[in-house]
Amino acid sequence: MKFGGTSMGSAARIRVAADLTAAQQRLRPTAIVVSAMSKVTDLLLDTLRHAENNDADAIAQNVATLRARHHDTARELLDPAALPAALAEIDSILGEFERIAKGMQLLGDRPPRSVDEAIAVGERLSAILIAAYLNGQGTPAAAINSARVVITDAVHGNATPLLDLTRAKAAEHLAPLLAAGTVPVLTGFNGATADGKPTTLGRGGSDFSASIFAYALDAAELWIWTDVDGIMSADPRLVPDAKVLDEVTYAEAAELAYNGAKVLHPRTLAPLVEKKIPVWSKNSFNVAAKGTHIAPALSTPGQGARAVTSMANVAMVSVEPASAEIPGTRIMARALDALALVGAEVLTFSSSSYRQSFCFLIRKDELQVVLQALRETLALELEHGYVRPVEVDDNVGLIAVVGEGMRGQAGLAGRVFTAVSREQVNIIAIAQGSSELTINLVVPRSGIEKAVKAIHAECGMGR
Ligand code: ASP
Ligand code: MG
């Protein structure tokens with residue numbers, strides 16, 4: 001089971017998480033993966049920025065805030081007998097953090113490997129807290145820094161696990177605990193390279209950690225505890241009658257995650273697919289709700305489109321060869337190469353017209369790097385006028401309509417487009433792959449909400 005930042009956000013929440021853990025542990029061997037307490041990772045990162053800028057007062061203030069939050073939680077949570085040891089552990093971990101921050105202050109720099117070591121502290125602190133509480137309640141538990149178990153490549157800040165090596169480490173360090181009836185309490189978010197350099201898996205990466213552990217331990221199931229009732233047909237803040245989906249397939253869940261639904265970290269599902277490990281997305285604030293079951297296939301074949309997501313922080317980049325004589329495929333290949341070079345993710349891609357102009361959507365925060373890479377890669381073509389100046393529209397949004405049951409359904413795309421146009425929202429670009437799992441629409445940002453509501457209603461996705 002994995003508990004996210006809000007599910008670990010206070011002593012009261014940690015008690016709930018621990019009770020859920022203990023209840024499962026009575027039934028079968030259980031391991032848990034925990035996030036940092038809510039907002040802690042942000043605060044850690046903020047501290048490191050202050051360190052780089054040589055702001056000693058701000059560092060001290062943040063560390064005091066972190067210490068108070070974890071000390072207060074420990075006091076509220078733990079028996080007097082268990083408290084001193086927990087407070088000492090918290091102080092020792094925060095001491096490590098302070099030392100790294102001081103080092104950055106001296107350097108005037110934030111080396112990525114030190115950042116990764118420092119920000120994993122949030123997860124280590126919350127693991128200490130819940131493990132101490134579980135032990136106090138009679139459920140044997142051991143807090144484990146996942147840097148000892150999850151082996152990754154060396155891409156700091158966005159590392160990828162090396163699953164075979166991780167599996168071996170899990171067999172060595174975790175299997176004995178499970179066999180002895182002890183709950184391994186694993187830090188989410190972090191890992192280390194094979195030669196021991198600390199890494200992290202990207203923001204929100206604890207889901208991914210949980211799926212890596214589920215894979216490495218051959219788990220029967222993975223339960224992801226969050227603060228919403230499951231995967232929904234739409235963002236309930238945009239669409240009041242959005243409903244929780246009882247079940248979605250791995251493919252649907254992945255599409256929803258990549259297209260902006262915030263229930264799962266996008267990379268989470270990959271390790272689970274191979275072993276067909278089912279996932280439950282559940283709400284620790286509403287444990288009576290069933291949640292969403294994510295599995296290889298639906299028990300009742302899906303009917304049509306089932307969910308609609310949107311993303312606002314995106315930008316559309318358009319590239320157009322200047323004449324039909326220019327080999328458009330070559331230009332396209334080079335543009336995509338430039339994107340791959342800087343590791344930018346293409347959210348949607350569309351091309352049309354005999355001149356082979358094309359456009360693609362990327363995250364807004366990647367725009368500057370992408371533009372620079374494109375201009376460098378296409379420098380000659382741009383200089384000689386073979387390619388028109390690259391155009392950017394950063395006032396757009398992406399909408400994704402998702403559902404296994406859309407495959408082969410004639411008329412569905414037509415209904416979606418008609419619903420959107422009825423709201424007077426212009427469709428700027430369209431993409432649907434031949435898997436027919438997702439239809440992507442690019443619309444003006446101001447039209448996102450209206451379009452999402454219209455599609456949700458037209459496809460009867462709501463309650
Ligand atoms: N604590 C990390 C973050 O805030 C990882 C996670 O919460 O999943 O990004
Ligand atoms: Mg989180």
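Counting begins at 1 with the first residue of the sequence. Since this is a predicted model, take the numbers as computed values, not measurements. Numbering of ligands and ligand atoms starts at 1, following listing order.
Close N/O approach between Gly204 and ligand 1 is found [any backbone or side-chain N/O within under 3.5 Å].
Taking every non-hydrogen atom of Thr41 and a distance limit under 4.0 Å, the qualifying atoms of ligand 1 come out as 1 (N), 2 (C), 3 (C), 4 (O). The ligand atoms of ligand 1 that sit less than 4.0 angstrom from a heavy atom of Glu123 are 1 (N), 2 (C), 5 (C). Heavy-atom contacts of Arg203 reach the following atoms of ligand 1: 3 (C), 4 (O), 9 (O) (cutoff under 4.0 Å). Shown in contact with Ser35 at under 4.0 Å from a heavy atom are these atoms of ligand 1, numbered in order with element: 6 (C), 7 (O), 8 (O).
In summary, the side chains of Thr200 and Asp116 do present a donor paired with an acceptor at a separation below 3.5 Å, with no hydrogens or angles considered. For the 3.5 Å distance criterion, the side chains of His71 and Asp91 qualify, holding a donor opposite an acceptor. Side-chain contact annotation: Gln25 with Thr139, donor-acceptor N/O pair under 3.5 Å absent.
Scored by the ring pair (Phe, Tyr, Trp, His ring centres under 6.0 Å) test, Tyr250 finds no partners at all (sequence neighbours excluded). Remark: His293 engages Trp280 in a ring pair (Phe, Tyr, Trp, His ring centres under 6.0 Å) (not counting sequence neighbours).
Note on ligand 1: Gly188 sits outside its first shell, no heavy atom being nearer than 4.0 Å.
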